[in-house]
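For reference, the structure is listed below as structure tokens.
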Amino acid sequence: MRQVYLDYSATTPVKKEVLDVMLPYFSEKYGNPSSLYTLGQESKDAITKARGQVASLINADPAEVFFTAGGTESDNWALFGAVDALKKKGNHIITTKIEHHAILHSCEFLEKHGCDVTYLDIDCEGRVNVEDLEAAITDKTILISVMFLNNEIGTVQPIKEIGEIAKKHGILFHTDGVQALGNIPIDLKSLNVDLLSMSSHKIYGPKGVGALYVKKGVKISNYIHGGAQEIKRRAGTENLPGIVGFGKAAELAKENFDSHVKHCSDLRNYFVDKVLNNIPNTYLNATMDGRHPGNANITFEFVEGEAMLLSLDMQGISVSTGSACSSASLVPSHVLTALGIPVEKIHGTLRFTFGDFTTKEDVDYTLEALTNIVNKLRQISPVSSEKGW
Ligand SMILES: *Cc1c(COP(=O)(O)O)cnc(C)c1O
């Protein structure tokens, strides 16, 4: 059976070029980067190279990039590190209702420990209103954390404007850049971003490795305590093969940026067009304007997302309902809820995300399967028969 993977925002396969550069670091070049003999220094040099590769993708200085165990750790570090460093100044954080759980659940934890958190709404296009954001600022506000690009609906937030507001008020600005990395241009020399989270496995690198960009001069407390690794900012023996792989993945993402964006958006646009025209009662959620090139988030009325997902899976097609994190439960996606979509429609919503290995044949195969599945499910759906289907 054909296998079609349309869940690139959940994770991506490791590219062969990435795996190739990683392999020697498992069993030949295994030296501890903190060791002073040659084998250790070679490992240290490999990390230095990877730091440069990641920094180059976001137009930062290598000294501003600190490797972590992934996007989740980077998000946790940014929040906890900023709150601890600024506790004398205040205890108020501004974020949004559509953040990844790595931010939302960290904020909930911080609320239990004395922080006040404002969760901003988004408009019907999926964007935060910068005037609402500025109005939420108090003299106790120490941190703004607004994601660069949303993982479910693919919308890009007004990061430049938010950075200017943060700077004007002297507030730290963190952005979760995990989905933005490699998918839209990130130029940190032209944005007032203080902290930016990244993850390797969303850009064709290995899982379990990421980075936090900390702008020069920005002081946040450490989060992982121990040895002197990462210029004494993040302890623990480095995930050497992972970091080397992340570096290579970042280099490839920079090199192939234009063709990646074109490839994904061509297939995505073709798919969205066909679905909306060929399957009645379907809607694309959030704006197409400034969106993740490979994201399509579509509501199919009168059908259960779970039933569609399982039927597609039986035909070898992998997609997600709402978001990967809520896929095991029927709790409606917090992002789609914030977008104002009613619960019954959220339950009929699928996220398709296209990537470098998606082909036109994959998309055609999916379109055919999807059309049949939706028709079949609607015939047996009690909701659709009530509506006269
Ligand atoms: C995947 C993701 C994360 C978590 O990154 P991990 O490396 O899987 O821990 C955080 N934020 C966003 C927006 C993501 O898509």
Side-chain angles (χ1 to χ4, degrees), residues 5-14 18 50 54 57-58 65-80 95-109 119 122 126-128 145-157 159 174-184 186 193 195-213 223-224 234 236 239 241-243 245-247 249-250 253 264 286 291-295 297 319-328 333-336 338-339 351-355:
Y5 183 73
L6 296 180
D7 207 12
Y8 280 81
S9 282
T11 193
T12 57
V14 173
V18 171
V54 172
L57 180 59
I58 55 175
V65 172
F66 300 91
F67 289 111
T68 64
T72 299
E73 185 192 314
S74 300
D75 282 346
N76 275 259
W77 181 12
L79 264 53
F80 292 105
T95 186
T96 78
K97 290 184 177 167
I98 63 164
E99 298 299 309
H100 190 272
H101 283 137
I103 293 292
L104 288 180
H105 291 165
S106 296
C107 283
E108 283 165 25
F109 181 87
Y119 300 91
I122 50 165
R127 286 204 202 90
V128 159
S145 180
V146 175
M147 73 197 318
F148 214 124
L149 194 164
N150 182 268
N151 44 304
E152 288 191 50
I153 52 179
T155 42
V156 179
Q157 298 303 325
I159 296 303
H174 166 254
T175 182
D176 176 336
V178 172
Q179 292 288 338
L181 192 70
N183 286 310
I184 54 164
I186 302 180
V193 167
L195 303 159
L196 176 128
S197 303
M198 295 169 264
S199 176
S200 152
H201 76 99
K202 307 281 173 79
I203 64 161
Y204 309 93
K207 294 168 182 59
V209 56
L212 183 66
Y213 157 86
Y223 177 61
I224 305 277
R234 196 278 186 185
N239 173 359
I243 289 171
F246 184 20
C264 296
R291 186 181 183 123
H292 183 297
N295 172 290
N297 187 295
V319 303
S320 99
T321 54
S323 74
C325 307
S326 57
S327 62
S333 142
H334 63 284
V335 176
L336 299 175
L339 198 58
R351 180 187 73 178
F352 306 85
T353 42
F354 302 85

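First listed ligand is number 1; within each ligand, the first listed atom is number 1.
- In this structure the side chain of Pro206 reaches within 4.5 angstrom of the side chain of Val18, judged on heavy atoms.
- Ring geometry for Phe80 versus Tyr223: interplanar angle under 30°, hence parallel rather than tilted (30 to 60°).
- Annotation for ligand 1: atoms under 4.0 Å from non-hydrogen atoms of Met147 are 13 (C).
- Close approach to Gly70 involves these atoms of ligand 1, each under 4.0 Å from a residue heavy atom: 7 (O).
- Heavy-atom proximity to Gly71, at under 4.0 Å, picks out these atoms of ligand 1: 5 (O), 6 (P), 7 (O), 9 (O).
- For atom 14 (C) of ligand 1, the closest non-hydrogen atom of the protein is Lys202 NZ, 3.0 Å.
- No N or O atom of Val178 sits closer than 3.5 Å to an N or O atom of ligand 1.
- The proximity of Asn151 to ligand 1, defined as any non-hydrogen pair under 4.0 Å, is limited to the side chain.
- Here the protein heavy atom with the shortest distance to atom 9 (O) of ligand 1 is Thr72 OG1, 2.6 Å.
- Counting protein heavy atoms only, atom 7 (O) of ligand 1 is closest to Ser199 OG, 2.7 Å.
- Using bins of under 30°, 30° to 60° and over 60° for the plane-to-plane angle, the ring pair Tyr204/Tyr8 lands in the tilted bin.
- By the 3.5 Å distance cut-off applied to N or O atoms, His201 is counted among the residues near ligand 1.
- Residues Arg291 and Asn297 meet the side-chain proximity criterion, which asks for heavy atoms closer than 4.5 Å.
- A donor-acceptor pair under 3.5 Å is absent between the side-chain atoms of Thr353 and the main chain of Asn295, judged by distance alone.
- Checking only distances, Asp176 does come within under 3.5 Å of ligand 1, N or O to N or O.
- Just one residue in the list Leu57, Val54, Leu196, Leu212 forms a side chain to side chain contact (heavy atoms under 4.5 Å, CB included) with Val65, and that residue is Val54.
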side-chain contact (heavy atoms from CB on, under 4.5 Å) for Arg351 and Asn151? Distances and angles first, verdict last.
CA-CA 10 Å; Arg351 180 187 73 178; Asn151 44 304; 4.2 Å; yes

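- Neither the backbone nor the side chain of Asn150 has a heavy atom within less than 4.0 Å of ligand 1.
- Annotation: side chain of Phe148 is in contact with side chain of Ile184 (closest heavy-atom distance under 4.5 Å).
- Closest to atom 3 (C) of ligand 1 among all protein heavy atoms lies His100 NE2, 3.5 Å.
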